[in-house]
Chemist: 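Handing you a structure now.
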Amino acid sequence: MKELLLALLMTAAATTASAQQRYETTLSNGWRFSHDKQTWQTINVPHDWAIAGPFDKKWDLQVVAIEQNGETEATEKSGRSGALPWIGKGYYQRTITIPENCKHAELVFDGAMSEPTVWFNGILAGHWAYGYNTFRVDITPFMQAGDNQLEVDLQNVEESSRWYPGAGIYRPVKLILTGSSWIDPWKTFIRTTKLAANEAELAVTVGTGNALDGGLSFVVEILDAEGQLVALESNDNVNCEGTADMTFSIKSPQLWTPETPYLYTARINYMQCGQLLDTTTQKFGIRTIQVSKEGGFQLNGVTRKIKGVCLHHDLGPLGAAVNKAALIRQIKTMKAMGCDAIRTSHNMPSQMQMDVCDSLGMMVMAESFDMWVYPKCKNGYARFFKEWSKKDIENLILANRNHPSVVMWSIGNEIPEQGSKAGKEIAESLQKLCHELDPTRPVTQGLDHAEASIESGVAKVMDVPGFNYRVHKYQKSIGQLPQGFLLGSETASTVSSRGVYKFPVVPDDNSRYASWAPGYDPKAIENADGQCSSYDVEYCSWSNLPDDDWVWQDEKPWVIGEFVWTGYDYLGEPSPYDEYWPARSSYFGICDLAGLPKDRYWLYRSHWNNNKHTIHLLPHWTWGKERRGKVTPVYCYTDYPTAELFINGKSQGKISKNPKERLDRYRLRWNDVKYEPGEVKVVVYDAEGRAAGEKSMKTAGKPADLRLDTWTQNGQTLNADGDDLAFITVSLTDAKGTLIPDASNQLMFEVTGAGTFEAVCNGDATSLESFKQPTMKLFNGQLVIIVRSAREAGVLTLKVSDKKSKLNKTININVL
Ligand code: GAL
């Protein structure tokens with residue numbers, strides 16, 4: 001039977017009529033951009049018109065009370081959405097050439113910020129309200145053979161976002177040309193219905209977008225990662241909705257997990273009377289998801305706790321303009337920490353990000369909305385919710401339901417209606433819609449009012465009750481939840497600035513080192529600089545420390561995991577400095593805005609990464625005269641239970657983790673150490689008391705080297721595709737390679753050869769230097785330069801120079 005079908009397919013392919021074959025292309029170059037339709041600039045898409053700045057508090061100054069932060073009085077807020085010029089109108093144009101034999105054409109926008117209106121040859125062809133969602137525009141009725149004019153009009157209104165939304169066509173646009181009979185990829189749905197010892201059962205639905213005719217059939221081939229055919233089925237019973245269902249049995253399936261992200265490909269062939277009409281491919285993974293009281297969260301029947309992080313969509317200095325290399329760097333860095341899941345807070349992800357998560361192995365909670373009917377900011381999505389929410393959920397799910405990485409849908413974040421009857425009705429109807437479109441994944445939402453959402457019934461009707469913060473309410477909540485489990489849908493919100501350490505070290509939910517802060521005592525607080533301490537003991541009034549979450553994650557089987565706020569710093573929401581200028585990006589990140597790990601990275605790694613040992617020491621050991629003899633606590637983040645600390649060879653004591661103390665259960669702390677220059681060293685011991693490793697840090701000498709560490713997705717080289725990026729971390733060090741931890745030298749960059757300078761970022765949330773100028777100050781000794789490959793092979797040369805230290809360094813990157 002299989003042989004017969006294959007033979008049929010081969011003949012069909014050979015007899016494909018002269019009709020247009022499927023042609024898909026990403027429209028990246030050839031675009032023109034304008035703010036006023038008077039002056040135009042040539043640009044490439046993805047494009048973020050606002051990221052070049054300049055930073056200015058005037059762009060998004062607001063007088064508001066942030067209800068979510070418990071504020072009741074309106075005060076002036078700056079930098080809340082990044083202090084970048086994203087508000088306003090933007091117009092994009094380009095020419096599209098349609099061949100003579102094309103019968104059907106559509107554009108797929110993966111997101112455009114925002115309120116995109118699409119004109120084709122001057123005729124209104126499509127519109128979408130939400131800037132984060134993917135949408136399709138059928139341009140068949142408006143097209144002509146030859147050149148056609150595409151225009152996309154966008155507008156961003158003030159106070160429409162609680163963070164930096166980006167601006168422009170910031171995600172790819174695809175053009176798809178077919179003959180008049182074509183496969184609709186959004187009708188393809190591949191799910192694992194059964195997993196047995198050595199066999200998986202798949203249910204596959206495929207469908208056509210065109211009007212139905214006689215003699216239609218679908219033949220679906222399943223290929224393994226090497227491209228070998230492992231199964232093949234056909235169905236000539238295309239129903240009135242244009243879809244056909246098939247069941248597959250896959251022997252010895254390779255299951256998708258974050259640890260083994262195995263991907264299969266389905267090749268879908270659409271035929272009529274033995275003639276091939278259209279072919280598409282769809283990657284997928286074989287895996288199942290369950291949530292239950294007994295098993296918690298299960299992937300392929302195996303219970304695991306979600307070790308997740310929330311991510312906003314911006315890529316720091318690249319803005320919202322999505323880029324594959326940047327996404328790979330983000331996801332790989334998180335994976336190396338032991339993280340296995342991301343939450344796309346608080347909106348739809350890009351396809352590119354989901355592809356990266358599929359192939360690298362990262363589970364995803366794909367979110368949709370930050371508000372429903374009740375607005376969280378004056379012009380937010382609440383303006384659109386009634387008319388658009390169902391369409392938005394539909395596109396989110398249809399576009400993403402074949403990604404094995406997506407393990408859960410989220411219908412909202414901290415929705416103000418969570419405590420009301422109306423909120424329960426909306427929750428039920430959105431969840432029902434999710435189930436209709438995808439019965440395989442559970443649905444959640446992030447609730448920040450435990451009592452109110454339980455009382456209203458909202459928390460009780462969700463497949464997965466997700467609670468944001470307030471771990472102290474978990475115990476009471478679980479007794480009232482019929483589900484028998486809960487998820488920390490958003491946790492921690494600990495704040496820190498890379499390389500900044502404040503003394504004395506005091507755990508606090510409201511530390512602010514700035515002169516405007518109420519209660520600020522300039523004598524008591526060193527360095528009033530708008531930064532947060534990297535001792536990782538500072539958080540917000542509504543939030544907590546990583547340690548507080550882990551107690552629940554570790555002790556209660558009914559807590560199914562967490563999503564930490566956030567994996568990376570993001571543009572906007574500079575809490576606790578919403579009222580301080582200049583502060584324009586967050587302090588919540590485990591990594592800073594440049595993607596460099598803060599100390600907290602090693603704290604999470606010590607707890608989350610079960611494959612690698614962690615031994616990390618803080619703070620740095622290069623302090624001025626004023627700290628000599630002063631109490632300078634030393635923390636060690638390690639998975640080992642015990643360690644001994646030495647300062648210049650003198651023991652400071654051997655200590656073990658203490659499960660009874662909030663900050664000693666997961667960290668090793670020497671709180672009374674007095675600073676003296678030289679060497680700080682830790683020796684760690686395993687559970688059997690054996691010395692298992694050590695780590696030391698030295699006081700830095702004079703600046704002697706600009707160290708350049710290059711990261712690319714290939715290792716060291718770049719792809720000559722014009723899209724690939726290299727991230728070069730610059731560290732100012734002494735002759736022995738020790739970081740000069742407070743250096744703020746102004747560096748200059750020059751890129752020549754096979755590529756261009758793209759952006760630079762130092763992770764300082766208070767910096768007003770542009771990301772797009774080839775100069776920036778080091779922040780605590782470091783910064784990251786991003787360069788872009790050319791379309792032609794060659795050598796890209798980057799020169800970094802520092803006038804102050806008179807150092808300079810050049811590296812070459814091969815572009816292949
Ligand atoms: C949460 C909210 C996030 C972010 C965070 C900061 O309440 O869901 O979007 O604002 O607080 O701690």
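Atoms within a ligand are numbered from 1 in the order they appear, just like the ligands themselves. Numbering starts at 1 and runs along the sequence shown. Hydrogens, waters and symmetry mates are skipped; everything else that's a heavy atom, side chains included, is used.
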Chemist: Are the side chain of R498 and the backbone of P597 linked by a donor-acceptor contact shorter than 3.5 Å?
Modeler: no
Chemist: For ligand 1, which atoms, with element, lie under 4.0 Å from some heavy atom of S493?
Modeler: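 Taking each heavy atom of S493 in turn, ligand 1 has 6 (C), 12 (O) under 4.0 Å.
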Chemist: Is the ring centre of Y570 less than 6.0 Å from the ring centre of W565?
Modeler: yes
Chemist: Which heavy atom of the protein is the closest neighbour of atom 6 (C) of ligand 1, given with residue, atom name and distance?
Modeler: F588 CZ, 3.4 Å
Chemist: Show your reasoning for whether side chain to side chain donor-acceptor pair (under 3.5 Å) applies to S114 and Y130.
Modeler: CA-CA 6 Å; S114 63; Y130 204 19; over 6 Å; no
Chemist: For W86, does its backbone N or O pair with a side-chain atom of N156 as donor and acceptor, under 3.5 Å?
Modeler: yes
Chemist: Which residues pass the salt bridge (charged side-chain N to carboxylate O under 4.0 Å, His left out) test with E71, sequence neighbours left out?
Modeler: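 Applying salt bridge (charged side-chain N to carboxylate O under 4.0 Å, His left out) to E71 gives K77.
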Chemist: When you check the gap from the basic side-chain N to the acidic O, do E159 and R80 get nearer than 4.0 Å?
Modeler: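 The answer is no: the pair does not qualify as a salt bridge.
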Chemist: Indicate whether any N or O donor in one side chain lies under 3.5 Å from an N or O acceptor in the other, for H403 and Q351.
Modeler: yes
Chemist: For D448, is the nearest heavy atom under 4.0 Å from an atom of ligand 1?
Modeler: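 No, D448 has no heavy atoms under 4.0 Å from ligand 1.
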Chemist: Any luck finding a side-chain donor-acceptor pair between W550 and E562 under 3.5 Å?
Modeler: yes
Chemist: Could you tell me if any non-hydrogen atom of Y469 lies under 4.0 Å from any atom of ligand 1?
Modeler: yes
Chemist: Nearest protein heavy atom to atom 10 (O) of ligand 1, by residue and atom, and its distance?
Modeler: E573 OE2, 2.5 Å
Chemist: Among protein heavy atoms, which lies nearest atom 5 (C) of ligand 1, and at what distance?
Modeler: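 Nearest protein contact, heavy atoms only, for atom 5 (C) of ligand 1 is E490 OE2, 3.4 Å.
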Chemist: Can you list the atoms of ligand 1 that are under 4.0 Å from a heavy atom of E414?
Modeler: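 Those of ligand 1 that fall under 4.0 Å from E414 are 1 (C), 2 (C), 7 (O), 8 (O).
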Chemist: Counting only heavy atoms, which portion of N413 has something under 4.0 Å from ligand 1: side chain, backbone, both, or neither?
Modeler: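 Only the side chain of N413 comes within reach of ligand 1.
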Chemist: Using a 6.0 Å distance limit plus a 45 degree cone around the ring axis, check whether K502 lies over the aromatic ring of Y513.
Modeler: yes
Chemist: Check whether any N or O atom of Y570, backbone or side chain, sits under 3.5 Å from an N or O atom of ligand 1, and answer yes or no.
Modeler: no
Chemist: Does any N/O atom on D370 come nearer than 3.5 Å to any N/O atom on ligand 1?
Modeler: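 For ligand 1, there is no N or O atom that lies under 3.5 Å from one belonging to D370.
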Chemist: Would one find an N or O of R162, backbone or side chain, under 3.5 Å from an N or O of ligand 1?
Modeler: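 In this structure, R162 places an N or O atom under 3.5 Å from an N or O of ligand 1.
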Chemist: Taking both backbone and side-chain atoms of W542, is any N or O found less than 3.5 Å from an N or O belonging to ligand 1?
Modeler: yes
Chemist: Quick check on contacts: which atoms of ligand 1 are under 4.0 angstrom from a heavy atom of H346?
Modeler: 3 (C), 8 (O), 9 (O)
